[in-house]
Amino acid sequence: MAAAVEISTKRSSSVSEIHDASVDIPTAQNAAADADADGTVKLAVADTDETQTSDQITHDDQKLRNGGSGQTSNTMGEDGGADYVGISEGPSPRVNHGRKVSVLPLVFLIFYEVSGGPFGIEDSVHAAGPLLALAGFLIFPLIWSVPEALITAEMGTMFPENGGYVVWVSSALGPFWGFQQGWMKWLSGVIDNALYPVLFLDYLKSGIPALGGGLPRVMAVVALTIVLTYMNYRGLTIVGWVAVLLGVFSILPFVVMGFISIPKLKPKRWLVTDIHNVDWNLYLNTLFWNLNYWDSISTLAGEVENPQRTLPKALFYALILVVLGYFFPLLTGTGAIPLHQDLWTDGYFSNVAKIIGGVWLRWWIQGAAAMSNMGMFVAEMSSDSFQLLGMAERGMLPEFFARRSRYGTPLVGILFSASGVVLLSWLSFQEIVAAENFLYCFGMILEFIAFVRLRIIAPAAPRPYKIPVGTVGAILMCVPPTILICVVLALSSLKVMIVSLVAVVIGMILQPCIKHGEKKSWLRFSVSSELPDIHAAVRENAAVRENETLIM
C-alpha cells in the first residue's frame, strides 16, 4: 500500500545481547521495578531529561535498550515526534515485516474503511428530504466521526500495533474484555465485508442478468472473494495503492458531475423538507452506517510508517475527504434536478448522472460504484486479518494466527476472514447492515470506556498525540456518540437484537474455552517480545497512589 520507503525515526535505539542472567541493573532516581506473571522483570527509569531509559531482563533473553521518549499534546494532523514507548516503557524495537504504509495510501484506506464514496447515501434524501440530508452529513460528523477519529488518533499512537482497539480495551479493562472487543469488532467487520461482493454483483446484474441469482451468482461471489483475498495476501502496500487508484476513480465522476451541474443548480431545492414525515429510523441508520468505522485503521498501526506522525495526519485528511465526498454529490444531485423524493434509493446517483450529463456519465458512476465496493472489501479485510494477527501477538489467540506470509501479510487471519465473508454472503442487505451495526455499537461503548479509564488511571502514560482536553473533557466528548449508540440500539428489530446478543454470548463463552485450551497445552500461545507491557503504567499509578495514601 505504500511505495518503498525507509522508516525515519528521531532517535535510534541500540540493542545488545546480555548472556549473563545475573547481570546487575543500574539503579536511578524515580526507578520502578515490576515483575510480570510470566517471570519477566522490568525496570522503568524516569528522567527529567529529554531521554528515558528502560532496562529489561527476561528468563529467555536479556536485552539492554536505550532510547528516548517524550509526550506531547498537539492538534490532529501535526507531528508529535515521539517514538512508540507503550505505557511507561522504553522504545520498543519495531521489526520491519515489509514495506510500511505512508500517508497517502493510509488516507485512502481510511476512506474505504469509512466511506468509499457517496454510494448508499441516497436513502437519507428518501427518508428526510434534501435539507435534513445535507444538514445530517455536516452535523453528524461532529457528533460521531470527529470524536471517533480523535480517539483513534490518540489511542492508535499510544499503542501503534496491529491489535488496535483490542489492545486499548485490554490495557484498560483487562484481557477478558479485550477479547470480547476483538470478537465483536472482528465479527462486525466480517459481516460488513460480506456486503461488498453482493453489492458489486448488484451493479453488474443489469448488464449480466445471470448474476441476479442462482448458481452463477454464488460462483461469482466466491470467485470475486478469492481474487480480492489474493490481493490482500500479496501485501498491504499493494492494497494501499489499489485503494488510492480506486478512490480517485470513485470520486472523479462526481467532480465532473458537479462542474456540469453548475448552470442547472437552484438553491431553493436544497431547502425542501417535511419534518412531520421523516423516517427517522432510516435517516439515522443511513447516516450512522456511512460515517462509522474510523477506528478500524488502528489494527494496521503496526504496518504504518512512523505511526505517531502518520496516523493522526491521515485521519485528519480522510475526515475532510469523507465529509466532502458525501456533501457535494448531495448538493449537486438535489440542486440540479427536480425533487422526486421517492426515487432517492440505493443507486439513484446513476440516474442523476444520466439526467445531468448523459448516458456516458451514468456508466461512469455505475463503474465507480462497483469499483468502490472492491476498495471497501480489500480495506476491511486488511483491517480484520491484521486484528487477528495483533491479538495473537498479545497471546489472546493461538500462535498460528500470528504467522505471516512471505509478503508480510497475516496468512491465517486472511483465510479466516475470507471464510466468514463467504459464509455470510447469503444474508440480505438489511440483515447484514442491522447485525453489524448492533455489534459495532457494543464495541464502541467498550472503546469509549477504555479511552476515559486510561485518562484516569494512566494520565502520565506517553501519548504522542493527545486530544487537548482534560479528563472531564474526555468524558463529555464521549456523551453525544454514546447517546447516538443508545438510539441506534433502541431502533434495532427484535430479530437482529436476539441474533446479536447470541453472538455476544458466544464471545463470552469462547474466551474461557481458549484459555482452558492454553492451560491444557492443546494450543500454543505466545506473546511477542517486540511489544511493551501495556499494564505497567496502571501498576505504577496504583503504587504511587498507595504510597501517597501511606504518607498521608
Side-chain angles (χ1 to χ4, degrees), residues 1 105 108-109 111-117 119-120 186-250 253 289 293 296 346-347 349-350 363-386 388 405 407 409-433 435-436:
M1 12 197 334
F108 278 91
L109 278 172
F111 172 74
Y112 273 118
E113 293 276 12
V114 177
S115 168
F119 315 104
W186 179 80
L187 190 58
S188 69
V190 172
I191 292 172
D192 181 62
N193 221 15
L195 284 171
Y196 304 126
V198 173
L199 291 176
F200 178 83
L201 295 176
D202 284 344
Y203 281 104
L204 296 182
K205 68 182 181 183
S206 58
I208 311 174
L211 296 177
L215 184 60
R217 184 178 179 86
V218 172
M219 293 177 63
V221 168
V222 173
L224 186 61
T225 301
I226 291 173
V227 170
L228 297 179
T229 299
Y230 179 72
M231 191 181 298
N232 274 273
Y233 165 75
R234 282 300 304 270
L236 207 52
T237 51
I238 293 176
V239 171
W241 285 109
V242 166
V244 173
L245 295 175
L246 292 177
V248 172
F249 184 76
S250 298
W289 188 62
Y293 276 87
S296 293
D346 287 339
F349 266 125
S350 62
W363 279 109
W364 192 359
I365 293 285
Q366 288 179 333
M371 294 300 104
S372 175
N373 286 300
M374 292 179 62
M376 288 187 283
F377 183 98
V378 295
E380 182 66 53
M381 177 167 283
S382 294
S383 175
D384 295 340
S385 57
F386 272 101
L388 296 181
S405 70
Y407 302 105
T409 50
L411 180 61
V412 178
I414 288 173
L415 292 176
F416 264 75
S417 298
S419 300
V421 168
V422 173
L423 291 173
L424 293 168
S425 60
W426 58 271
L427 294 173
S428 70
F429 179 87
Q430 291 80 9
E431 289 173 326
I432 289 174
V433 171
E436 64 104 351

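Numbering starts at 1 and runs along the sequence shown.
In this structure, I414 CD1 and S419 OG are separated by 11.5 Å, a value rounded to the nearest 0.5 Å. To the nearest 0.5 Å, atoms OG (S383) and CH2 (W186) are separated by 12.5 Å. Separation of atoms OG (S250) and CH2 (W364) is listed at 11.0 Å; rounding is to 0.5 Å. In this structure, the separation between CE on M376 and CZ on F111 is 8.5 Å, given to the nearest 0.5 Å. To the nearest 0.5 Å, atoms OG1 (T229) and CE (M381) are separated by 3.5 Å. Between the CZ atom in F416 and the CG atom in D384 there is a gap of 13.5 Å [rounded to 0.5 Å].
S115 contributes no side-chain N or O that, together with a main-chain N or O of Y112, makes up a donor-acceptor pair within less than 3.5 Å. A distance-only check finds no donor-acceptor pair linking the side chain of Y293 to the backbone of E380 [under 3.5 Å]. The backbone N or O of L411 lies less than 3.5 Å from no partner atom in the side chain of T409, so there is not a single donor-acceptor pair. Looking at S296, its side chain never comes within 3.5 Å of a backbone N or O of E113 through a donor-acceptor pair.
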Let me see the working for F108 and W241 under side chain to side chain contact (heavy atoms under 4.5 Å, CB included), right down to the final yes or no. CA-CA 8 Å; F108 278 91; W241 285 109; over 6 Å; no

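The side chain to side chain donor-acceptor pair (under 3.5 Å) search around S372 returns none, not counting sequence neighbours. By the side chain to side chain contact (heavy atoms under 4.5 Å, CB included) test, V114 is found to be paired with I110, W294, V322, residues two or more places apart in sequence or in another chain being considered.
Here the closest heavy-atom approach between residue M374 and residue L228 is recorded as CE-CD2, 3.6 Å. Counting all heavy atoms, side chain and backbone alike, P253 lies closest to I365 at CB-CD1, 3.7 Å. Across all non-hydrogen atoms, the minimal contact from L388 to G413 is CD1-CA, 3.8 Å.
When ring centroids are compared, Y407 and Y233 come within the 6.0 Å threshold.
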